[in-house]
There are 2 protein chains.
Amino acid sequence: MTERRKSAGLPDKRRAIVAGALTLFARDGYTRAGLDAIAAEAGVSNRTIYNHFSDKAELFQTVMQESTQRVADTMVDIIDRHLSKVADLETDLVDFGLAWLAVLTSDLAPHFALIRQINAEMEHIPPAALALWRETGPGRTRRELAERLRRIAQRGDLAIDDPVRAAGHLMLLISADNLTDRADLHDEDALRAMVTAGVRTFLYGYKR
Amino acid sequence: MTERRKSAGLPDKRRAIVAGALTLFARDGYTRAGLDAIAAEAGVSNRTIYNHFSDKAELFQTVMQESTQRVADTMVDIIDRHLSKVADLETDLVDFGLAWLAVLTSDLAPHFALIRQINAEMEHIPPAALALWRETGPGRTRRELAERLRRIAQRGDLAIDDPVRAAGHLMLLISADNLTDRADLHDEDALRAMVTAGVRTFLYGYKR
DNA sequence: TAACTTCTACACCGATCGGTGTAACAAACC
DNA sequence: GGTTTGTTACACCGATCGGTGTAGAAGTTA
């Protein structure tokens, strides 16, 4: 009574396949991740995968799209939750940054390993799929953050002439240590220090 | 009369192999890059590769080390050339940033594709090799930049209490657009605008 | 019960890949 | 001239992988 199954596959099997594929694609990359291993991870027969997806490339694209959607939703939610009403700007930005970084170690962590895979195999991915990912993933998140910064600046606290660029700066500064060498994402104190330093650089840099 | 060949292989063949391997590892990644293709790219027999390297993993490690060394040398040289004697801080930092970014599109470009591969396959690379890379590559470069910033700050222009973190911030801000979405690295004007914006954010953020 | 859909297990194919063995050839060294 | 060393071409092995064919089991719908 739920949904008329159109042509192939039960929806829960499909979800299991996509979830298992995300795990293995994230860990091993597109080439290394074998379909037999994905089938085993999903608790599903090898043959069943081809009942839901025409080939490995289509499976990968589906995994990429669904994971991107979910993470972008989470990120936008964090932005809205922390930056809709701003009391003390530095405090709120630091809290926002910590929530932002927490996603990297959450159950959404595999997504970011997947992004590193995409980044590496960029030249082997169809440009259209790449553009779609940029638009629905980092692009959307960045625009959302930019819009929030624009409103905050309008309130008179910051001087931002290019909100999108400023959003990029903030995102980078928040996770600076994490990007350059490897920060310990589980040391709460070091994490807060990193975020605070980044936020302060951002704030002083864009102070009116 | 040059050098006593110790055990195996002529040095020029070896160099050709490493160069060809860099090209293919950078483009296709460790798994996708086949040894036959590498041999063809190097203009060398498949069998000859095994005369110089015991297996694919050792070849990859050699490629990684040599490329890292060369790029780090280049980066340190750029730092020294632009930030030894500072006249106008913003101008000099922008010029430095542009020279820094120019490396990304130089003949050293494959190295950065290789780094993306490393970043993706991190969980499949021996931790010792990873640590060595961080130390001789980005670590060295970052420390060198940090030292320069420390001296500049000492001169009284900036307030930097953690030079290494500041160096990280500067490196990220310089290439901000390039890291978040894809900036056109060949549009000279857009490039200068990106670097200038990053440098200004850095300078205002660390202004004494 | 009968018709239909989906899943599973298994065998299988062709291609690729990392790596080896071998024998012939070229060049440097004694 | 003879020996040694390195290179090459080629055939080959075992393993893995993407993908298919098939037959039957399991569950759903009428």
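Heavy-atom basis, side chains included; hydrogens, waters and symmetry copies ignored. Numbered from 1 within each chain, the chains take letters A, B, ... in sequence-line order.
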Quiz item: For D:dG6, does either OP1 or OP2 sit under 4.0 Å from a side-chain N or O belonging to B:Asn51?
Solution: no
Self-check item: Phosphate OP1/OP2 of C:dC7: any A:His52 side-chain N/O under 4.0 Å
Solution: yes
Please state how far atom [atom1] in [X] lies from atom [atom2] in [N], giving the value in whole angstrom units.
| X | N | atom1 | atom2 | result |
| --- | --- | --- | --- | --- |
| B:Phe53 | D:dT7 | CZ | P | 11 Å |
| A:Arg32 | C:dC17 | CZ | P | 14 Å |
| A:Asp55 | D:dG18 | CG | C1' | 9 Å |
| B:Phe60 | C:dG18 | CZ | C1' | 16 Å |
| B:Ile17 | D:dG6 | CD1 | P | 13 Å |
| B:Glu58 | C:dG18 | CD | C1' | 15 Å |
| A:Asp28 | D:dT16 | CG | P | 14 Å |
| B:Lys56 | C:dT16 | NZ | C1' | 11 Å |

Quiz item: Should the heavy atoms of other residues, nucleotides or ligands under 6.0 Å from CZ of B:Arg192 be counted, would the total exceed 12?
Solution: no
Quiz item: More than 12 non-hydrogen atoms from neighbouring residues, nucleotides or ligands closer than 6.0 Å to CZ on B:Phe112, yes or no?
Solution: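 It does: B:Phe112 CZ has more than 12 such atoms within range.
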Self-check item: Nearest-nucleotide pick for A:Tyr50, side chain only, options being C:dC7, D:dG19, D:dT8
Solution: D:dG19
Self-check item: Nucleotide nearest B:Thr48 when distance is taken to its side chain, options D:dT8, C:dT8, D:dG6
Solution: D:dT8
Quiz prompt | B:Asp36 vs A:Asn46, nearer the 5' end of DNA chain C by closest nucleotide | solution = A:Asn46
Practice problem: Quick one: label B:Ala39 by what it contacts on the DNA or RNA (base, sugar-phosphate, nothing), any heavy atom closer than 4.0 Å. | Solution: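 Answer is nothing: B:Ala39 stays at 4.0 Å or more from every strand.
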Quiz item: A:Ala33 near the nucleic acid: base, sugar-phosphate alone, or nothing, with a heavy-atom cut-off under 4.0 Å?
Solution: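 Since only primed, P, OP1 and OP2 atoms lie under 4.0 Å of A:Ala33, the category is sugar-phosphate.
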Quiz item: Hey, is the side chain of A:Arg47 pairing donor to acceptor with the base of D:dG19 inside 3.5 Å?
Solution: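 Under the 3.5 Å cut-off, the side chain and the base do not form any donor-acceptor pair.
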Quiz item: Should B:Thr91 and B:Phe96 count as side-chain neighbours, where that means a heavy-atom distance under 4.5 Å?
Solution: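 B:Thr91 does not reach B:Phe96 side chain to side chain.
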Quiz item: Do the ring planes of B:Tyr30 and B:Phe25 sit parallel (below 30°), tilted (30 to 60°) or perpendicular (above 60°)?
Solution: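 The arrangement is parallel - the two ring planes meet at less than 30°.
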Self-check item: For the student: nearest non-hydrogen atoms of A:Arg165 and A:Arg142, plus distance
Solution: CA-NH2, 4.0 Å
